[in-house]
Amino acid sequence: MASDTVVVGRTAAGRMALVGLGDHSAASEVDTAALAAAVAARENDGDVRWVWADTAAVYPRLLDAGVRVARAWDLRLVHAILHHARTVTDDHGLRSSTGWDADAAAPVDGDTLFDLGDAASGIPETVEAAVAEYHRQTAAIASSEAPGALRLLCAAESAGALIAVELHTAGVPWSRAAHEHLLERELGARRGGGLPARIDQTAAVVRAALDDPAASLDSQPRLLRSLHRVGLMVQSTSRWELAEHDHPAVAPLIAYKKLMRLYTANGWAWLDEWVRDDRFRPVYVPAGVVTGRWASSGGGALQIPRSLRTAVRADPGWTLVTADVAQLEPRVLAAMARDTALAEAASGRDLYAGIVERGAVASRAEAKLAMLGAMYGATTGESGRLLPRLRRTFPRAMQLVDDAARTGEDGGVVQTWLGRTSPAAGESWRALQSLASDAAASGVDETRARRSARDRGRFTRNFVVQGTAAEWALAWLADLRARLAALPEVDATRAAPASGPVFQRRPHLAFFLHDEIVVHTPLEHADAVADAVRESAASAGRLLFGTFPIDFPLDLRIGETAEKG
DNA sequence: TCTAAGTGCGCG
DNA sequence: AAAGCGCGCACTTAGA
């Protein structure tokens with residue numbers, strides 16, 4: 001078994017070049033059509049880390065050709081991390097404009113999305129440029145004050161890039177029939193020309209209550225005027241404010257909004273556009289959020305209503321293993337701050353119950369409110385009122401987030417546990433602050449500047465926690481992916497072809513949402529998958545936080561489970 | 001007729 | 001209208 005790093009890029013002649021960087025470095029060239037076979041051969045030959053410009057551009061074709069790779073290095077994503085990383089002391093030219101700082105190619109419809117060599121991204125893709133960039137990146141990491149952590153982050157980010165493509169390719173097993181059944185039950189039958197019957201009926205009830213048969217329910221300004229005419233003096237048309245009023249129009253209006261939301265966001269049109277072959281294939285965007293969380297593009301993958309998860313159904317002979325982490329962010333905070341008191345409160349399954357047991361607050365609801373307030377920067381209301389009690393009981397954890405907030409308010413940058421750095425303060429932000437600090441500044445300027453400083457403080461406060469939680473989740477995913485790949489395949493008669501050639505015969509990740517995963521697995525491997533999910537969570541905790549005693553308990557379920565709890 | 005901004009709501 | 005973070009999407013209106 002040879003361990004090697006192989007850089008993949010284009011040649012001037014438009015072929016694909018594979019350049020080995022190891023002891024037995026060698027270069028070879030193949031036509032684009034033969035890339036998958038060349039990668040497969042090298043992958044089977046030994047332990048390889050594949051270095052390429054953009055996983056989202058290269059990997060879909062490999063998967064479609066039946067080729068999975070174990071390890072990768074995504075030059076675009078790693079560049080984005082290192083470009084801003086505060087701990088890097090020598091950037092080796094990484095911070096100058098080289099084309100690698102281009103944004104990801106905007107996802108587009110149709111076949112061009114994952115076309116190899118799509119030049120829209122602006123990323124240099126020649127193999128020479130890729131080799132040079134890889135050397136810059138490894139050198140920059142080596143110069144970091146915490147090279148191990150940064151290297152881990154970059155490897156985890158790259159593993160995430162592989163997983164994002166794999167999730168798209170495999171898709172979420174989605175029962176069109178179950179989805180349609182739910183739509184008909186909630187909305188009534190689909191009607192070609194107009195709205196489903198139930199929506200029409202509900203709208204009629206609302207209009208009757210508003211004493212206006214022509215009232216517009218979809219235009220916020222006009223609806224607001226209609227409400228005012230019947231004495232409902234609301235300032236917005238949002239559900240929470242409507243619910244505070246007692247009027248015959250309120251209940252049907254809230255019902256109308258709920259039905260319309262289902263119809264427009266996840267109705268038949270969504271089903272037609274996003275579900276093929278009983279698979280929902282969202283486009284995941286690794287690091288699409290500044291904190292390092294993933295975003296999604298199209299299909300609203302990260303906003304699927306929980307009520308709709310009844311449509312998530314395993315293929316025949318397969319099942320689903322679903323797991324989410326209980327209170328990931330406060331656990332991560334406890335470990336980052338080395339706050340043993342908070343870690344002890346977290347030692348049971350329910351961190352909030354643990355906080356109550358330690359006497360900080362009186363109820364679980366208060367504990368949750370206070371903890372969220374601490375991580376989001378609440379200043380007023382019940383959440384703000386509870387914060388001093390949390391500060392007394394968990395001073396180290398609270399100091400970590402308070403420090404992050406102060407740094408942000410002062411215009412500084414903060415870092416996650418592994419070294420992802422928050423964005424620098426923008427030019428307009430700085431201008432506002434310096435304007436307000438001028439002796440001749442007006443009270444209005446000062447107020448605006450203070451508010452903007454506090455806004456930024458809340459962002460950096462949350463950045464350290466949300467970003468580190470995202471790192472933990474990446475580590476969890478990456479470790480789980482490797483464990484799943486080691487489980488045995490089922491025979492071809494048991495295959496789930498819609499999951500594609502790489503995954504149709506083995507357990508595979510099917511969905512990921514910040515702190516939650518779904519694995520689609522042949523029935524006989526469900527218990528092994530559940531073990532792998534738990535072991536990878538424990539492994540992720542050790543990888544990030546070493547021996548610090550913090551648990552990451554999972555709510556884990558095997559089988560068709562639509563909703564939580 | 002196009003785009004940008006506002007509103008509201010789904011998810012963590 | 002959120003108080004208190006991070007997103008994406010659908011719909012509307014205002015403005016070019």
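Because the structure is predicted, anything quoted here is derived from the model rather than measured. Order of the sequence lines fixes the chain letters, A, B, ..., with proteins taken first and strands second; residue numbering starts at 1 for each chain. Side chains are part of it too, since the values below use all heavy atoms of this structure and drop only hydrogens, waters and symmetry mates.
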Handout entry: Pairwise P distance for C/dG8 and C/dG4, with rounding to whole Å
Key = 23 Å

Exercise for the section: May I ask you to decide if the ring planes of A/Trp472 and A/Trp476 are parallel, tilted or perpendicular, using 30° and 60° as cut-offs? Expected result: tilted

Practice task
Classify the nucleic acid contact of A/Arg461 as base, sugar-phosphate or nothing, counting any heavy atom under 4.0 Å across all strands shown.
Solution key: nothing

Practice task
Verify the contact: side-chain N or O of A/Arg293 to OP1 or OP2 of C/dC5, cut-off strictly under 4.0 Å; return yes or no.
Solution key: no

Exercise for the section: Check every strand shown and say whether A/Arg261 touches a base, only sugar-phosphate, or nothing at a heavy-atom separation below 4.0 Å. Expected result: base

Handout entry: Spacing between A/Leu262 atom CG and C/dC11 atom P, to the nearest angstrom
Key = 13 Å

Exercise for the section: Kindly say if A/Ser238 contacts the phosphate of C/dA2, meaning a side-chain N or O under 4.0 Å from OP1 or OP2. Expected result: no

Practice task
Report which part of the nucleic acid A/Leu328 touches: base, sugar-phosphate, or nothing (heavy-atom distance under 4.0 Å, all strands).
Solution key: nothing

Exercise for the section: Describe the nucleic acid contact of A/Gly288 in one word from base, sugar-phosphate, nothing, applying a heavy-atom distance below 4.0 Å. Expected result: nothing

Practice task
Looking only at non-hydrogen atoms, find the nearest pair between A/Phe552 and A/Ala537 and report the distance.
Solution key: O-CB, 4.3 Å

Exercise for the section: Please work out if A/Gly373 contacts a base, only the sugar-phosphate, or nothing of the nucleic acid, heavy-atom cut-off 4.0 Å. Expected result: nothing

Practice task
Mind checking A/Thr264 for me? I need base, sugar-phosphate or nothing, with any heavy atom below 4.0 Å counting as a touch.
Solution key: sugar-phosphate

Exercise for the section: Would you mind classifying the nucleic acid contact of A/Trp240 as base, sugar-phosphate or nothing, using non-hydrogen atoms under 4.0 angstrom? Expected result: base

Exercise for the section: Give a yes-or-no answer on whether the side chains of A/Glu186 and A/Tyr263 include a donor-acceptor pair shorter than 3.5 Å. Expected result: no

Fill in the blank from the handout: Contacts of A/Trp270 and A/Ser216 projected onto DNA chain C by closest heavy atom; the upstream (5') one is A/Trp270

Practice task
Determine the contact category for A/Leu369: base if any of its heavy atoms lies under 4.0 Å from a base atom, sugar-phosphate if only primed atoms, P, OP1 or OP2 are that close, otherwise nothing.
Solution key: base

Exercise for the section: Mind checking A/Gly384 for me? I need base, sugar-phosphate or nothing, with any heavy atom below 4.0 Å counting as a touch. Expected result: nothing

Problem - Phosphate contact (B/dG8 OP1 or OP2) by A/Lys257 side-chain N/O below 4.0 Å - result: no

Handout entry: Sugar-phosphate, base or nothing in reach of A/Leu372, heavy atoms under 4.0 Å
Key = nothing

Practice task
Pick base, sugar-phosphate or nothing for A/Gln220, based on heavy-atom distances below 4.0 Å to the nucleic acid.
Solution key: sugar-phosphate

Exercise for the section: Using the P atoms only, state how far C/dA1 lies from B/dT7, rounded to an integer number of Å. Expected result: 6 Å

Exercise for the section: Would you tell me whether A/Gln327 and A/Asp350 have side-chain atoms, one donor and one acceptor, within less than 3.5 Å of each other? Expected result: yes

Problem - Centroid-centroid distance, A/Phe545 to A/Trp417, less than 6.0 Å - result: yes

Handout entry: Distance test, side-chain N/O of A/Thr237 to OP1/OP2 of B/dG8, below 4.0 Å
Key = yes

Handout entry: Counter-base of C/dG6, judged by Watson-Crick or G-U geometry with both distances under 3.5 Å
Key = B/dC11

